[in-house]
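Okay, so here's the structure we're looking at.
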Amino acid sequence: MTLVKKISDIISKKSTIKAWYGLVIFFFICVIIVPTLFVLSYAVTGWNDIEGTIFTDPADPAQLNASFGMAGTNVSFHSWDIIDITQTTVLEANVLYTDLSGPYLLTFQVYEMNDDGTEKIYYEQSQGFTNGSDPGSFIIFSNDTYNSITHVGPVTQNITLATATGEYLDSWEADLYLRAGDRRPMDLIWDAMKISFVIATIVTIVDFIAGLPMAWLMVRKEFRGKKYLDILIDMPLAIPTAALGFSTALFWAVTPAIPGSGLGWTSSPFLLIILLHIVFSYPYMVRSLTAILHEIDINYETAAQTLGAPPLTVARTITLPLFRAGLVTGIILCFARSLSETGGTMAALAMLTPWLSELAVPMQTGPTLIGAWKHAGGFEPQLAFTAMLLVMVSLVLLVIVKIVIMKFKLPLRKVMPGPERLLSKGLFPKMKDLLAFVFMFVILIIPSFFIVSFLFTGTPTPVDWGSFWSAMGFSFLVAGVITVINILFGVPLAIYIVRGTNKTMSNILDVLVNVPLIVPTSALGVSLGMFWGSMNINVAIFLVISAHLAFTFPLIVRNVAGALEELDPTYEETARTLGARPMFVFKKVMYPSIKFSILAGAIMAFTRSLGETGATLSVVQNANTVPVYIVGLVKSASYYPAALACVVLIVITFITMMIMRYITKKAER
Amino acid sequence: MPDIKIENLKKVFGDLVAIDNLSLEVKDGEYLTILGPTGAGKTTLLRLIAGLTKQTSGSISINGERVDKLPPEERKVTFLSQSYSLFPHMNVWDNTIFGPIARGWEPEKVNIIGREMLEMVHLYDRKDAMPNELSGGMQQRNALARALCADAKILLLDEPLRALDARLRLDLRYELKKLVKDMGMTAIHVTHDQEEALTISDRIIMLKDGKVIQSDKPHDMFNKPASPFIHHFIGEANFVKGKITKKSNNDCQITDSIGRIYTAAKTSQEVGANAVAGIKTEFTVIEKEQKDQMNTFRGTVDRKLFLGRFTDFEIILTDGGIVHARLPSSIAHKFVEGSQVYVHYSPERLLVFPEPEKGLKAELEMM
């Protein structure tokens with residue numbers, strides 16, 4: 001008792017509290033913000049390295065040797081080992097040693113092993129060499145070549161060295177370099193950024209157009225089953241994006257490795273990624289719009305209608321201008337989510353072009369390029385540059401959207417009574433509502449859950465439960481640790497932001513807290529990896545935890561800060577004047593009022609961590625969380641185990657989301 | 001022995017001086033009301049006494065001990081907001097014993113004192129109720145019991161009746177004062193409702209721009225305001241402006257710019273000084289016929305405003321100027337809009353003040 005009292009005395013001391021706040025702010029700045037933005041320092045230091053010669057520099061043969069595991073007569077490698085940048089790929093070979101002298105033939109083959117042990121060769125090309133001569137090079141791969149063989153199933157690619165008469169050499173050693181024909185890193189980065197940007201823009205626009213009627217429906221109309229629709233809208237958020245990517249691609253896309261599983265409607269990666277990104281960003285748009293729509297007094301609309309304006313005119317001229325703030329939130333969230341998404345995009349792209357190296361897929365977004373390069377290793381300058389671009393783009397975007405939407409005058413003043421009255425009556429509003437429903441079911445719900453049907457219709461293949469559970473264990477360990485740390489540091493930071501006496505400091509922290517939410521997680525991972533790497537900290541689990549901490553930290557701070565803003569400070573002040581020390585006030589007065597928000601924030605952080613791919617992939621080269629594991633399985637076309645892992649993960653996150661709903665509902669009461 | 005002693009207290013927020021060199025003593029067991037317009041610094045003063053805000057300079061002592069460096073929990077002063085801040089997630093009992101529990105008292109002692117205090121405010125049988133199940137009066141009693149339990153003999157009330165219905169407000173202010181007195185507490189009550197201040201207080205201090213501009217018993221505050229502002233703030237007043245042209249031991253004479261002569265209450269000012277004189281609207285008499293030559297002016301009823309028990313009149317004087325008068329509604333019907341009336345000021349009610357430095361209009365502004 002006395003010891004407890006002593007400890008609580010120490011904790012309640014003003015100096016202790018100050019020191020704790022100091023530590024929390026230090027943690028936030030030094031462990032979250034600085035590492036997150038560390039990659040920006042690259043703008044100052046590292047420009048020159050981008051056009052590095054990773055593909056072409058013969059001085060670094062380790063690159064290929066490592067991935068080929070070579071030096072032998074028959075070097076077999078899988079297609080995903082090839083560093084192929086989709087265009088024309090060049091193989092350069094420098095034969096260092098053979099046991100024979102004379103000219104040799106270097107042969108590149110793409111073949112499939114038939115069941116009877118014979119080979120079915122799809123592609124073969126050879127080039128002669130003289131021992132010790134300059135390395136010869138020849139084209140081994142092109143898009144056309146690839147497209148002609150993709151639909152047949154797993155292939156093996158083989159490099160052999162043979163004498164001119166066709167005898168294979170038993171022992172030879174060569175350095176092989178693969179080089180993307182005319183694709184330089186800068187072009188790749190540029191293309192990926194452009195595609196990311198275009199996709200994010202299209203997705204945001206579609207989200208807005210489709211989300212607005214839905215938000216309207218949810219707030220202004222009463223109908224049967226509204227409660228369930230409310231749950232359905234959030235559904236895609238309960239599914240880790242890696243699983244969503246898999247499921248969505250399975251539903252929409254032409255999937256060469258498993259033909260006829262879904263609609264097989266598109267083989268365009270661009271279209272597929274847009275469809276995918278709409279699925280997980282749409283709920284954010286609808287939520288942002290409903291939140292603000294709730295705030296807008298319906299009396300304005302009633303007043304306008306009684307003054308003779310048809311509903312469409314009212315919505316356009318009265319309500320829309322009032323909810324710019326919600327629009328800003330919605331746009332930023334959708335855009336940032338689309339710009340940031342890695343795992344689902346990777347999985348979906350891999351579905352379109354199975355067996356192809358992740359570096360070789362025909363389309364890359366910024367985050368998938370980061371993921372692929374990080375996984376391949378050796379692309380540090382390019383990674384840093386891409387991450388830096390993504391961070392800058394997202395930060396600039398945040399500012400621009402805020403300014404533009406708030407200042408920009410929408411052309412809303414003009415009223416067209418005739419057509420608007422017509423569009424407000426009869427079938428049109430019904431059509432609008434119907435379309436909103438159809439959109440949601442066809443674009444969101446069915447593709448999201450298509451994966452479950454695959455479990456029943458697909459052909460079961462053996463599952464490597466060992467690696468599945470180890471990935472599961474790792475994911476839960478990371479999610480658990482970051483949730484605990486988040487609570488320990490996030491709650492005090494939220495208290496400081498809302499109740500702090502130093503208003504300038506609180507405001508700065510308030511803005512900074514949002515940064516990790518906006519920064520694409522794969523860029524964040526690169527940045528954190530660079531930051532800790534610069535201090536020679538390379539422990540994988542530490543890096544993964546620090547990356548997951550960074551992007552989940554704002555979730556808990558935002559939740560708790562929001563609850564605290566609602567809480568009348570006079571309760572705390574009265575408690576103080578009644579003789580309670582700050583710690584006691586927190587425990588007995590503040591905590592009971594914010595505990596649900598802490599819990600909600602914790603669950604959000606936990607599920608986000610469970611579902612995150614980009615940050616994990618980009619912070620360390622090989623970390624096996626469940627989403628990474630799933631993406632890996634999808635890439636190697638092991639669809640059945642991937643689907644199983646997805647469904648397990650979905651069930652777990654779904655249960656936690658349901659708990660969260662229950663808790664927040666309870667808290668509202 | 002004074003219970004609370006405040007000396008040269010000053011609080012500055014950026015450029016704003018909220019409390020300006022304020023000194024004040026509050027006696028043990030006194031019910032003091034701080035009255036003042038919005039922005040006068042009333043709440044800031046309470047927060048300074050409670051320790052919720054730190055003063056820029058000056059000192060606060062309680063029972064002869066400096067407390068201005070102590071955190072709120074060590075001052076034994078309880079601060080109650082409009083809603084009494086009963087913790088919504090705790091029942092009556094847990095609210096009541098919050099202070100003792102926070103201070104870590106023995107459980108038996110906590111139980112005894114909690115029960116004692118709740119019985120005192122007749123709430124022991126409701127000890128399991130949640131605050132939102134209590135009536136306004138019960139909440140008030142619970143908050144007081146809680147403050148007493150916390151060993152706080154000083155109660156700081158920040159507009160405690162503001163959130164209540166008009167009717168309940170009237171009932172509860174008597175109950176509040178009675179309880180505070182029964183329990184031997186010292187109370188400082190902040191309000192901007194002058195009627196509330198007049199009925200409830202032992203003493204009122206009038207705060208303006210962070211300064212005490214008058215400290216008096218309610219009756220004196222009403223009848224002997226220290227400035228035109230207070231005269232106007234506590235019950236509206238009509239003012240006249242002029243020079244003192246004659247004075248005696250009982251009264252004086254003021255002549256305004258157009259030569260109207262007023263006989264007003266006695267003043268310490270010299271003959272020839274610029275002065276303003278004011279009379280509360282309640283004491284402004286309206287007559288149908290001129291009964292008296294002195295202090296009587298002809299005018300026309302321009303507007304009548306029915307307030308229930310009272311009716312407010314706006315009268316335009318024939319010689320210029322507007323006068324307000326408040327009459328009981330029972331006699332108000334005698335004067336119809338547009339009719340000619342005579343306005344009469346009784347000299348002892350027409351109080352004389354030196355002309356305010358910034359002019360009368362600026363003086364009367366309520367921020």
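Every value quoted in this text rests on a predicted model; they were computed, and no experiment measured them. Throughout, protein chains are lettered first and strands after them, A, B, ... in sequence-line order, and every chain is numbered starting at 1.
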For this session: Write down the atom of A:K588, the atom of B:H89, and the distance for their closest heavy-atom approach.
Result: O-NE2, 2.7 Å

For this session: Examine whether an atom of B:R146 lies under 4.5 Å from a heavy atom of chain A, and if so say whether it belongs to the side chain, the backbone or both; otherwise answer neither.
Result: both

Exercise. Do you know the tightest heavy-atom contact between A:G579 and B:A102?
Worked result: O-CB, 3.9 Å

For this session: Give the member of B:G51, B:S85, B:A150, B:P100 that has the highest number of heavy-atom pairs under 4.5 Å with chain A.
Result: B:S85

For this session: Evaluate the side-chain proximity of A:Y571 to B:L86: yes if any heavy-atom separation is below 4.5 Å, no if none is.
Result: no

Exercise. Between CZ of B:F98 and OG1 of A:T574, what distance do you get to the nearest 0.5 Å?
Worked result: 9.5 Å

For this session: Could you check if a side-chain atom of A:E573 sits within less than 4.5 angstrom of a side-chain atom of B:P72, using non-hydrogen atoms only?
Result: no

Exercise. More than 12 non-hydrogen atoms from neighbouring residues, nucleotides or ligands closer than 6.0 Å to NZ on B:K178, yes or no?
Worked result: no

Seminar exercise, completed: Separation between CZ (B:F87) and CE (A:M590), nearest 0.5 Å, reads 11.5 Å

Exercise. Nearest 0.5 Å, what's the CG-CG distance between B:N95 and A:L578?
Worked result: 9.0 Å

Seminar exercise, completed: Comparing B:D94, B:I101, B:L80 against chain A, the one with the most heavy-atom pairs below 4.5 Å turns out to be B:I101

For this session: Step through the shown structure and confirm whether more than 12 heavy atoms of other residues, nucleotides or ligands are within 6.0 Å of NZ on B:K69.
Result: no

Problem set entry | Electrostatic pair B:E73:A:R581 at N-O distance under 4.0 angstrom | no

For this session: Could you tell me the separation between the OG1 atom of A:T577 and the CG atom of B:L46, rounded to the nearest 0.5 Å?
Result: 11.0 Å

Exercise. NZ of A:K587: more than 12 outside heavy atoms within 6.0 angstrom?
Worked result: no

